[in-house]
Amino acid sequence: MKLTCPRSHMDSAKESKQGSAAVRMTTAEAVVETLIVHGVTTVYALPGVHNDHLFDALFKAADRIRTIHTRHEQGAAYMALGAALATGKPQTYAVVPGPGLLNSSAALLTAYGMNAPVLALVGQIPQAAIGLGLGYLHEIRDQAGIISRLVDFSARIREPSEAAILVAEAFRAMASGRPGPAVLECAMDMWGRGAPMMAIGSPLPAAAPPVDDEAAEDAARRLAAAKRPLIVVGSGAQDAAAEVGELSDILQAPVLAYRRGRGVLDSRNPLSVTLPLGRELWGEADVVLAVGTRLFTGFTQWGIDRELAIIRIDSDPEEPERFARPALALIGDAKPILRRLLHSLESHRRPSRRIEMEERQTAMRSRLAKLKPQAEFLAVIRAELPEDGIFVDEVTQTGFASRLLFPVYKPRTFLSPGYQDNLGWGFATALGAQHARSDVPVLSISGDGGFLFTSNELATAMRHRIALTTVVFNDGAFGNVRRIQEEQYGNRLIASELTNPDFVKYAQSFGAEAERARSPQELRLALNRAFKRRDVPTLIEVPVGPMPSPWEFIQMPPVRGEV
Ligand SMILES: Cc1ncc(C[n+]2csc(CCOP(=O)(O)OP(=O)(O)O)c2C)c(N)n1
Ligand SMILES: [Mg+2]
């Protein structure tokens, strides 16, 4: 691998002194320069002595890269995750070793589960002491081993000359195959070590396998012949929305998304479906085209049989066979593969299913009307949030319902935590999304339980003037847990009732705008006010009672074959 030197950062002053000779830089400076070359504009971070040289390098480059410091390492990591999800571009966070790394680890785990490109820069104890168990500040046994279980690409920068290439390799790894997070460790003494450096690498090209023409032809043939095709989309389809839309239109195939695929096909299109209607269509389908999704619900709940041919498009070559061998697998980025399918299917345009699908959507909406309290709140949120505004879901009653009935219009405007479904991810993730997309309003919802996981980051929102709007649905409980205890455990309530602060006063004490909304109508007015604010966060507390269970629409019995 050859690193070339773009003139932008190995600046001409140095060249004029030394011709094309090496320039002396510290490891930290080389890392920061390489981040900049890779388009990173922000490092979300929490400092400490192990990383002082890194922060000093960030200080010196502050005109080209911003440092956003948070109040807990999980906040930094979730912010980087939110920024990555909202922009589709890799993002970076930096933390000290040991407790700093572990504090950020739930967010790193979530980034892994969500295939999100988040690069963590993690400090280390002095290089010579690593592995000796001497008890250095923040020492943790086998930090590299722990990290290697959390992400697919990780490395330690062992000398300054490795810095640029390892950063470039981390970015390439994050973009190659299944996307995902990466981690680079660096010892506290190594960050500051200087050495002559020949070059800072320009980005390395990501591995992109060619489209398998034969498999694509076969897939197109099967789709053309299918009587009841269904397209299922996950996060891997987020950057192929136009292609999915065209294919769905030609085949008149419904497009099912649950969490990570929402927004790929506009919810206003009657072919765009969520879980419960998706299950009905799964039961009828003869061909399923799965684009960038694990198909987890289909395989684990709804069932498969011989009448159903599954075609997988996935960037991870191992994914298609995890549950069951598909009829066909196409490996690579969804966009070029779908383009190739479209090329073969152009002449197979089918008659419109609009009337049928509208009727089925109406019937499903009347079943989902059971979730009335959640639906009413979601309706006013949708009415106030602009089309390209971003909704950040949480593990709370209105969040579960949003996955089933919140209309989503565009890719990357519905951020949902994927299979980790980890309580408390929402607020700090939304803060990162709002920071990275200051051009659109971001709306974070939380329950009273989840919000206090990262609510300390209200201080970060104030410090960095991030105008995020947050709605906290306060039922005085880990409501989901309490309902299960009521319904399935003879009302033996344990560890599910909560004592809360006054959320309005709490937010105001940080300097945020805050108010209480006691009905959907009041929420609508409060949101309208909030979305007009440009540099101050808003919290809206919504007191609520117990809400109807969404689970009958999420965990549903099989509709076909063997599960
Ligand atoms: C990290 C993590 N810990 C615990 C859980 C289990 N859990 C799921 S929902 C829930 C309660 C959520 O309470 P709240 O945020 O108030 O939302 P509500 O259900 O009351 O609307 C808990 C504890 C989880 N999903 N993730
Ligand atoms: Mg609650």
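Here the structure is a predicted model, which is why all the values come from computation and not from measurement. Hydrogens, waters and symmetry mates play no part in the numbers below; they use all other heavy atoms, side chains included. Every number for a ligand or one of its atoms is a count from 1 in the order of the listing.
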Participant: To make sure I understand the geometry: which N, O or S atom in Asp448 is closest to the Mg ion (ligand 2)?
Facilitator: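 Distance check against the Mg ion (ligand 2) picks out OD1 in Asp448.
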Participant: Is a side-chain donor-acceptor pair under 3.5 Å present for His435 with Tyr44?
Facilitator: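 Judged by distance alone, the side chains do pair up.
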Participant: Kindly indicate whether a cation-pi arrangement holds for Arg294 with Phe299, taking the cut-offs as under 6.0 Å to the six-membered ring centre and within 45° of the axis.
Facilitator: no
Participant: Just by distance, with hydrogens left out, do Thr538 and Arg533 show a side-chain donor and acceptor under 3.5 Å apart?
Facilitator: yes
Participant: Looking only at distances, please establish whether an N/O atom of ligand 1 is found under 3.5 Å from an N/O atom of Gly450.
Facilitator: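 Gly450 vs ligand 1: N/O contact under 3.5 Å present.
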Participant: How far is atom 25 (N) of ligand 1 from its nearest protein heavy atom, and which residue and atom is that?
Facilitator: Asp421 O, 3.1 Å
Participant: To the nearest 10 degrees, how large is the angle at the Mg ion (ligand 2) between Asp475 OD1 and Ala477 O?
Facilitator: 80°
Participant: Side-chain donor-acceptor pair under 3.5 Å between Gln74 and Asn103, yes or no?
Facilitator: no
Participant: Polar-atom distance check: Leu498 versus ligand 1, any N or O pair below 3.5 Å?
Facilitator: no
Participant: Identify the residue among Lys372, Lys370, Met364 that makes a side-chain contact (heavy atoms from CB on, under 4.5 Å) with Leu368.
Facilitator: Met364
Participant: Just to check, does Ala477 reach to within less than 4.0 Å of ligand 1 when the distance is taken from its heavy atoms?
Facilitator: yes
Participant: Assess the side chains of Arg178 and Ser315: does a donor N or O sit below 3.5 Å from an acceptor N or O?
Facilitator: no
Participant: Just need the protein heavy atom nearest to atom 17 (O) of ligand 1, so name the residue and atom and give the distance.
Facilitator: Thr396 OG1, 3.2 Å
Participant: Any N or O on Leu423 sitting closer than 3.5 Å to an N or O of ligand 1?
Facilitator: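 So ligand 1 has an N or O lying under 3.5 Å from an N or O of Leu423.
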Participant: May I ask you to identify the nearest protein heavy atom to atom 8 (C) of ligand 1, giving residue, atom name and distance to one decimal place in Å?
Facilitator: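 Ranked first by proximity to atom 8 (C) of ligand 1 is Val395 CG1, 3.9 Å.
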Participant: Of the backbone atoms (N, CA, C, O) and the side-chain heavy atoms from C-beta on, which set of Thr398 has a member under 4.0 Å from an atom of ligand 1: side chain, backbone, both, or neither?
Facilitator: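 Near ligand 1, Thr398 shows nothing, with every heavy atom at 4.0 Å or more.
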Participant: Tell me yes or no: between the side chains of Gln397 and Arg483, is some donor less than 3.5 Å from an acceptor?
Facilitator: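 A pair is found: one side chain offers a donor N or O, the other an acceptor, under 3.5 Å apart.
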Participant: What atoms of ligand 1 come within less than 4.0 Å of a heavy atom belonging to Gly449?
Facilitator: 14 (P), 15 (O), 16 (O)
Participant: Report the part of Asp475 (side chain from C-beta onward, or backbone N, CA, C, O) that has a heavy atom under 4.0 Å from ligand 1; answer both or neither where that applies.
Facilitator: side chain
Participant: Is it possible for you to check whether Arg516 lies under 6.0 Å from the centre of the six-membered ring of Phe503, through NZ or CZ, and within 45° of that ring's axis?
Facilitator: no
Participant: Polar-atom distance check: Phe453 versus ligand 1, any N or O pair below 3.5 Å?
Facilitator: no
